[in-house]
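The sequence lines fix the lettering, A, B, ..., with proteins before strands; numbering per chain opens at 1.
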Number of protein chains: 2
Amino acid sequence: MIFNRTTEYAFRIMSFLASDKEKLHNTSDIFDALHIPFRYLRKQMTVLTKTGLVVSIQGKYGGYMLAKKEKDITLWDIVIAMHDKLFETNCFFGYEKCALSQHCMMHSRWAGVKEMIENILKTTTLEDFKKENMHDLIKMSDQ
Amino acid sequence: MIFNRTTEYAFRIMSFLASDKEKLHNTSDIFDALHIPFRYLRKQMTVLTKTGLVVSIQGKYGGYMLAKKEKDITLWDIVIAMHDKLFETNCFFGYEKCALSQHCMMHSRWAGVKEMIENILKTTTLEDFKKENMHDLIKMSDQ
DNA sequence: TATAAATAATACCTAAAGGTATCATATATG
DNA sequence: CATATATGATACCTTTAGGTATTATTTATA
Ligand code: SF4
Ligand code: SF4
C-alpha cells in the first residue's frame, strides 16, 4: 500500500466535507456517505479537528466543516496532518541514511517517483474534488 | 512507506546474492553484510527459497544462491514473490472497486504514478545492481 | 558412522495499526 | 433547567507485520 488506510479515510472525509463547505456535517452524515467504521470515524473526526484542517461544533446540531477554503487545502496537507509515513525515508532500500560517497542507481530513480507523488499531492486541492463532484462519487462506492 | 520492510530486506538480500552469483552465501555472510535481524533473516531466506528466486543447499557448507541469472530477475519479481501489497488496489482512495460511470480526476493521475513505479521495477534487474557494486554499498550502511 | 555446521519447520512473542466500547462534556431548545 | 443529541477523551480489544526461540533435518568430512 502507498497510503495507510487511515490516510485514505481522511482523503475521503475531507472530499466529502468539501462537497458542501458551508454546511455542518455530523458523523452520521459522513458515515452514510462513506461507510467508514462508525466509531473509528468518530475518533478520526476528532483527530482531523485537532490537526486544524477541520472545525467542530459540539453539542446538539453540532458537526464538522472545513477550517479553510477548499482551494487552500491540499492533499499534501492531509498526508502531513495524518502523519502518514509515506516518505519516512529517502532510500529505496529503507536505509535511514546512506554512507556511500556516491549514490546508487536507485537513488535518483526513486527521487523521481517521490517527486512525482509529492507534486500531485501538493498541487491537488479539495477545490478540484468539488469540481469533480466527489460527493456523488464517494457516495456510490463503498468496499 | 511504499514497500513494507520485509520487501526492502528482500531487495537487499537479492542484491547481495547478485554480488557473487556463483558463490554460496550462508546466513552469517548475509547477516555480516546486511545486519538484518539474524533469526528473521534465517526465516526470510527460506521464504525466498520457496519463491523459487533463490536456491538453497542444506547441510554443512550449505547456503544460498540466486536461482536464475541476475539479468533475469527483476525487482518486480521480488515484489511479487514477497506478496507486497504495493498495488493491492487501483484506487487512490483505497476502494476495492469504483462504481462510478466515469473516473474521477485522481484515477488517471494515480495510474500514472503506478505505471512509473511498475516500469522502474520491471526494467531494473539484479544485473544493474551488480554493475553498481551494490555489495559494497550495502555493506557500509546499516540502520 | 559420528559430528559439526548448515538450512527447515514450527510455535511463540511483540509492536503498531485499525477498530470498539464507555463515559464525559458541550449545547440547542422545549 | 432538563433533555436530547452532538462531539471529546480514554481505555481496551483485534489483526497483522515483524521478530525470537526451539527443535528437526540435511550433509560434508574426519
Ligand atoms: S544511494 Fe542507494 S542505498 Fe544509498 S540512500 Fe540512495 S537509494 Fe539508498
Ligand atoms: S474513479 Fe476515483 S474513486 Fe473511482 S476507482 Fe478511480 S480513483 Fe478510485
Side-chain angles (χ1 to χ4, degrees), chain A residues 1-13 17 23-32 34-67 79 82-86 88-89 93-94 142-143, chain B residues 1-13 17 23-32 34-67 79 81-86 88-89 94 142-143:
Chain A
M1 132 217 38
I2 294 189
F3 304 109
N4 64 38
R5 180 172 298 191
T6 304
T7 298
E8 288 171 353
Y9 287 166
F11 287 147
R12 290 162 62 186
I13 292 164
L17 293 182
K23 189 170 166 261
L24 215 52
H25 303 269
N26 68 23
T27 311
S28 295
D29 293 339
I30 303 171
F31 175 77
D32 289 343
L34 306 185
H35 291 90
I36 293 163
F38 188 80
R39 289 167 189 278
Y40 194 57
L41 175 59
R42 288 272 314 277
K43 194 195 230 175
Q44 290 312 126
M45 290 315 300
T46 78
V47 169
L48 281 169
T49 301
K50 282 186 187 160
T51 68
L53 293 176
V54 162
V55 167
S56 75
I57 306 292
Q58 291 190 50
K60 196 169 182 180
Y61 303 115
Y64 303 92
M65 58 188 297
L66 297 182
V79 171
M82 300 306 288
H83 300 111
D84 193 301
K85 308 207 183 65
L86 177 58
E88 195 175 34
T89 176
F93 294 94
D142 45 86
Q143 60 97 23
Chain B
M1 134 216 39
I2 294 190
F3 305 108
N4 64 38
R5 180 172 300 191
T6 304
T7 297
E8 288 171 354
Y9 287 166
F11 287 147
R12 290 161 62 186
I13 293 164
L17 293 183
K23 188 168 168 262
L24 216 51
H25 303 269
N26 68 24
T27 310
S28 295
D29 293 339
I30 303 172
F31 175 78
D32 288 343
L34 306 185
H35 292 89
I36 294 162
F38 188 80
R39 290 169 189 276
Y40 193 58
L41 174 60
R42 288 273 314 277
K43 192 194 232 175
Q44 290 312 125
M45 290 316 300
T46 78
V47 169
L48 281 169
T49 301
K50 283 188 188 158
T51 68
L53 292 176
V54 162
V55 167
S56 75
I57 306 292
Q58 291 190 51
K60 198 169 182 181
Y61 304 114
Y64 304 91
M65 58 188 297
L66 297 182
V79 171
M82 300 307 288
H83 300 111
D84 193 301
K85 308 207 182 65
L86 177 60
E88 196 176 33
T89 175
D142 45 85
Q143 61 94 24

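Atom P of nucleotide dG19(C) and atom OH of Y40(A) are separated by 6 Å, given to the nearest angstrom. Residue Y61(B) contributes atom OH, which lies 7 Å from atom C1' of dA28(D) at whole-angstrom precision. Rounding to whole angstrom units, OH of residue Y64(A) and P of dT27(C) are separated by 13 Å. Going from atom CZ of R5(B) over to atom P of dA15(C) covers 13 Å, rounded to whole Å. In this structure, CG of N26(A) is placed 10 Å from C1' of dT7(D), rounded to the nearest angstrom. Between I13(A) atom CD1 and dG18(C) atom P the separation is 12 Å, expressed in whole Å. The separation between H83(A) atom NE2 and dA16(C) atom P is 16 Å, rounded to whole Å. Rounded to whole Å, the distance from CG on L41(A) to P on dG8(D) is 12 Å.
The shortest heavy-atom contact between G52(A) and A67(A) is O-CB, 3.1 Å. When every heavy atom of T46(B) is checked against every heavy atom of Y64(B), the shortest pair comes out as CG2-OH, 4.2 Å.
Within the nucleic acid shown, T6(B) comes within 4.0 Å of sugar-phosphate atoms alone, with no base atom in reach, counting heavy atoms only.
Between T27(B) and dA6(C), a side-chain N or O to OP1/OP2 separation shorter than 4.0 Å is absent. Close to dT10(D), at under 4.0 Å from its OP1 or OP2, lies no side-chain N or O of K43(A). The phosphate of dA8(C) has OP1 or OP2 within less than 4.0 Å of a side-chain N or O from S56(B). Not one side-chain nitrogen or oxygen of R39(A) sits closer than 4.0 Å to the OP1 or OP2 atom of dG19(C).
Heavy-atom nearest nucleotides on DNA chain D were determined for I57(B) and for F38(B), and the one closer to the 5' end corresponds to F38(B). Taking for each of K85(B) and P37(B) the nucleotide of DNA chain D with the nearest heavy atom, the 5'-most of the two is the partner of K85(B).
For the atom pair M65(A) CE and H25(A) NE2, the distance stands at 8.0 Å (nearest 0.5 Å). Going from atom CD of Q44(A) over to atom CZ of R39(A) covers 15.0 Å, rounded to the nearest 0.5 Å.
Interface remark: the R42(B) side chain does form a donor-acceptor pair with the dA8(C) base, using a distance-only criterion of under 3.5 Å.
Residues I30(B) and L17(B) form a side-chain contact, since some pair of their non-hydrogen atoms from C-beta on lies under 4.5 Å apart.
Nearest to the side-chain atoms of Q58(B) among the listed nucleotides dA28(D), dT25(C), dT27(D) stands dT27(D).
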